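Everything below concerns the one structure shown next.
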Amino acid sequence: MSLGYAEKLSYREDVGTVGMSEIFDPPDALQQKIEQLAMMIHKSKHLVVFTGAGISTSCGIPDFRGPKGIWTLQREGKGVPEASLPFDRAMPSITHVALVELEKAGILKFVISQNVDSLHLRSGIPREKLAELHGNSFMEICPKCRAEYLRDFEVETIGLKETSRRCSDVNCGAKLKDTVLDWEDALPPKEMNAAERHCRMADIVLCLGTSLQITPACNLPLKCLRLGGKIVIVNLQQTPKDNKASLVIRGLVDKVIAGVMHYLNLRIPPHVRVDLFEIIFTQFHRTSEKKYAKWTLKVGSVHGERAQVPFIKSIEVSFPGRPKLKEAVLHQQPFVLKRESLKTSPLKVFLKLNFSDGCGCQCTNIEVPINFRASLDNFNQDKNTVTRKLRDTAIQDQRCGQFLVVEKRIQSNPKREMTIYAVATNMVCYDGSLSSSHFSEARPESKYNLLKMQDDMIATEVPVKKQKIH
């Protein structure tokens with residue numbers, strides 16, 4: 001969970017039981033339970049997964065009630081724990097990505113999440129197959145037309161309050177609201193109704209990394225019992241619903257899910273994060289000398305003028321072949337460069353984008369061609385197609401930093417060229433073949449946490465004693 005999210009919540013004395021001891025199944029028992037769970041999933045007709053903060057702790061996001069959870073430490077007077085990387089740069093865990101593969105294979109029918117970290121959506125779970133009961137720290141919604149806006153930055157408010165942005169639909173334009181609930185807010189009916197419907201249909205509700213203490217959400221898995229469904233709980237601490245479960249597994253969620261995927265003969269693919277940004281070139285003519293042009297180059301967010309680009313720390317600008325044009329280093333957002341130059345010949349502007357902490361590479365270099373006289377056509381590619389290309393290339397190259405143009409729009413009076421770029425900013429492999437290029441050297445603790453996550457998975461890799469399930 002986000003430390004900022006916890007601090008924004010209104011005060012509540014009773015937050016449930018915190019700081020309970022963690023219990024670990026012996027290795028042999030854990031292996032048998034993983035096999036049992038894999039067989040149950042293999043036979044399942046309607047699998048529903050119910051997730052809590054425990055599936056994101058390996059991503060560097062603290063939980064609430066664990067031994068080092070936010071509320072546990074606060075109750076002990078120790079303050080909040082330190083996050084190992086920026087909240088907006090957290091990468092999906094093994095579990096997040098495995099659930100996507102189970103959904104693609106037609107096994108997983110629906111995911112119910114109590115988390116606000118957006119990692120289910122970032123990992124690739126379809127929105128229509130996800131109920132986010134407590135909201136999403138990176139999502140805004142239009143209260144009028146119900147359009148949703150997924151951001152690359154954490155929305156500044158919680159409690160369903162108005163934000164500083166408006167709906168982009170020209171026929172609407174209403175002020176947007178955040179989607180994250182405060183303590184007294186009712187669960188959103190749309191999410192809750194879908195969650196209830198799928199729990200009633202489920203033959204298995206698999207509860208991962210949740211203490212099952214917060215009502216009414218914690219009672220959702222029980223609805224599968226009415227028609228003979230079964231509950232499986234994977235959690236290191238005891239929960240109030242353990243006695244209702246057909247199987248309780250005391251192990252790290254990533255270890256358990258990695259073992260299940262092994263027995264189901266399903267691969268956990270690498271995850272590549274792709275982010276968007278916009279470059280706007282604006283040209284102004286001088287009335288006294290028409291052979292010169294004043295122009296600006298702005299690098300900003302695709303989410304509006306007031307939004308920042310959280311993954312770009314600074315930009316170095318150079319002009320090869322134009323020694324009279326002064327180079328620059330832009331540190332402040334929005335990144336804006338102002339220059340005046342001859343417009344009789346095309347110009348090349350080189351941008352070195354230095355990425356922020358938590359990105360998988362330090363920088364990428366982009367050449368921006370500027371032709372003062374030519375009138376270019378508009379250009380638009382499908383964003384999902386571009387994203388797939390970038391992910392395939394990043395996996396093939398075993399590094400990130402690649403970029404592609406998604407869209408280009410041309411306006412006149414004054415002349416403006418708006419170009420949207422997609423860039424691969426991070427990559428994590430989940431098969432143990434991690435290279436240093438997947439981590440930001442500026443934050444070695446992030447690298448440690450992810451490497452430890454992989455070591456944990458490999459250390460408990462289930463020996464092949466039985467034939468895999470096909």
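Just so it is clear, the model here is predicted, and its values are computed rather than measured.
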Apply the test side-chain contact (heavy atoms from CB on, under 4.5 Å) to residues Gln213 and Thr239: give CA-CA distance (whole Å), side-chain angles for both, the deciding distance (0.1 Å), then the verdict.
-> CA-CA 7 Å; Gln213 292 191 51; Thr239 83; over 6 Å; no
Derivation and outcome, side-chain contact (heavy atoms from CB on, under 4.5 Å), residues Glu101 and Ile268 | CA-CA 7 Å; Glu101 295 308 301; Ile268 304 176; 5.7 Å; no
Between Asp88 and Phe153, does a side-chain contact (heavy atoms from CB on, under 4.5 Å) hold up when you go through it step by step?
-> CA-CA 6 Å; Asp88 57 80; Phe153 55 87; 5.8 Å; no
side-chain contact (heavy atoms from CB on, under 4.5 Å) assessment of Ile107 paired with Leu266 = CA-CA 11 Å; Ile107 299 171; Leu266 291 174; 4.2 Å; yes
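Counting heavy atoms from C-beta on, the side chains of Lys313 and Cys359 never come closer than 4.5 Å. Within the 4.5 Å cutoff, no side-chain heavy atoms of Val116 are placed close to those of Asn136. Side-chain contact between Lys129 and Val111 is absent, with no heavy atoms from C-beta onward closer than 4.5 Å. Proximity of Pro310 to Pro86: side-chain heavy atoms (C-beta onward) are nowhere separated by under 4.5 Å. The shortest distance between side-chain heavy atoms of Leu330 and Val336 does not fall below 4.5 Å. Contact annotation: the side chain of Leu102 approaches that of Leu264 to within less than 4.5 Å [non-hydrogen atoms, C-beta and beyond]. Annotation: side chain of Gln398 is in contact with side chain of Met427 (closest heavy-atom distance under 4.5 Å). Looking at Leu236 and Leu252, their side chains come closer than 4.5 Å, going by heavy atoms from C-beta outward.
A distance of 10.5 Å separates OG1 in Thr210 from CD in Gln237, rounded to the nearest 0.5 Å. Atom OG1 of Thr419 is separated from atom CD1 of Ile366 by 10.0 Å, given to the nearest 0.5 angstrom. Here Ile158 contributes atom CD1 and Ser137 contributes atom OG; the two are 8.0 Å apart, rounded to the nearest 0.5 Å. The structure places CG of Leu130 at 11.0 Å from CD of Glu103, a figure rounded to the nearest 0.5 Å. Within the model, atoms CG of Leu404 and NZ of Lys389 stand 7.0 Å from one another, a figure rounded to the nearest 0.5 Å. Separation of atoms CE (Met139) and CD (Glu148) is listed at 4.5 Å; rounding is to 0.5 Å.
Although no hydrogens or angles enter the test, the distance criterion places a donor-acceptor pair under 3.5 Å between the side chain of Gln333 and the main chain of Ile312. In this structure, the side chain of Asp117 engages the main chain of Leu119 through a donor-acceptor pair within 3.5 Å. A donor-acceptor pair under 3.5 Å is absent between the side-chain atoms of Asn235 and the main chain of Ser211, judged by distance alone. In this structure, the side chain of Glu191 engages the main chain of Glu132 through a donor-acceptor pair within 3.5 Å. Side chain of Arg273 to backbone of Asn426: no donor-acceptor contact under 3.5 angstrom is found. When atom types are taken as modelled, the side chain of Ser93 and the backbone of Ile55 share a donor-acceptor pair closer than 3.5 angstrom. Judged purely by atom type and a 3.5 angstrom limit, Thr364 uses its side chain to pair as donor or acceptor with the backbone of Gly401.
By the side-chain contact (heavy atoms from CB on, under 4.5 Å) test, Cys363 is found to be paired with Lys352, Asn354, residues two or more places apart in sequence or in another chain being considered. Applying the salt bridge (Lys or Arg N to Asp or Glu O under 4.0 Å) rule to Asp397 yields the partners Arg399; only residues at least two apart in sequence or on another chain are considered. With sequence neighbours excluded, the residues satisfying salt bridge (Lys or Arg N to Asp or Glu O under 4.0 Å) with Asp242 are Arg250. Partners of Phe379 according to the side-chain contact (heavy atoms from CB on, under 4.5 Å) rule, which considers only residues two or more places apart in sequence or in another chain, are Gln381, Val405, Lys408. Every residue was checked against the side-chain hydrogen bond (donor to acceptor under 3.5 Å, both in side chains) condition with Gln238, not counting sequence neighbours, and none meets it. Taking the salt bridge (Lys or Arg N to Asp or Glu O under 4.0 Å) definition, one finds that Lys241 meets it with nothing, sequence neighbours left out. Evaluation of the salt bridge (Lys or Arg N to Asp or Glu O under 4.0 Å) rule for Lys383 yields no partner, not counting sequence neighbours. By the side-chain hydrogen bond (donor to acceptor under 3.5 Å, both in side chains) test, Arg409 pairs with Glu278, Glu407, sequence neighbours left out. A search for side-chain hydrogen bond (donor to acceptor under 3.5 Å, both in side chains) contacts involving Ser164 returns Glu156, not counting sequence neighbours. Taking Arg197 as the reference, nothing meets the side-chain hydrogen bond (donor to acceptor under 3.5 Å, both in side chains) condition, with sequence neighbours excluded.
Shown here for His96 and Pro92, the closest heavy-atom pair between the two residues is CB-CB, 3.6 Å. Shortest non-hydrogen contact noted between Ala424 and Cys361 is O-SG, 4.5 Å. Residues Leu160 and Lys177 come closest through the heavy atom pair O-CD, 3.4 Å. Considering all non-hydrogen atoms of both residues, Asn115 and Ser56 come closest at ND2-OG, 3.9 Å. The heavy-atom pair separating Ser58 from Asp254 by the smallest distance is OG-OD2, 2.7 Å. Nearest heavy-atom pair, Leu187 versus Ala217, reported as atom, atom and distance to 0.1 Å: CD1-N, 4.3 Å.
Between Asp203 and Ser44, the side chains place a donor N or O and an acceptor N or O closer than 3.5 Å (distance only, hydrogens not considered). For the residue pair Ser123 and His120, no side-chain donor N or O sits within less than 3.5 Å of a side-chain acceptor on the partner. Looking only at atom types and distance, the side chain of Thr163 has a donor-acceptor partner in the side chain of Glu140 under 3.5 Å away.
Between Phe87 and Phe138, the ring center distance clears the sub-6.0 Å criterion.
The neighbour count for Glu128 CD, taken as heavy atoms of other residues, nucleotides or ligands under 6.0 Å away, is above 12.
Within the structure, the salt bridge (charged side-chain N to carboxylate O under 4.0 Å, His left out) test picks out the following pairs touching residues 89-100 (sequence neighbours left out): Arg89-Asp275. For residues 297-308, the pairs satisfying side-chain hydrogen bond (donor to acceptor under 3.5 Å, both in side chains) are Arg151-His303, with sequence neighbours left out.
Looking at Leu206, Ile231, Ile233 one by one, the single match for side-chain contact (heavy atoms from CB on, under 4.5 Å) with Pro221 turns out to be Ile231.
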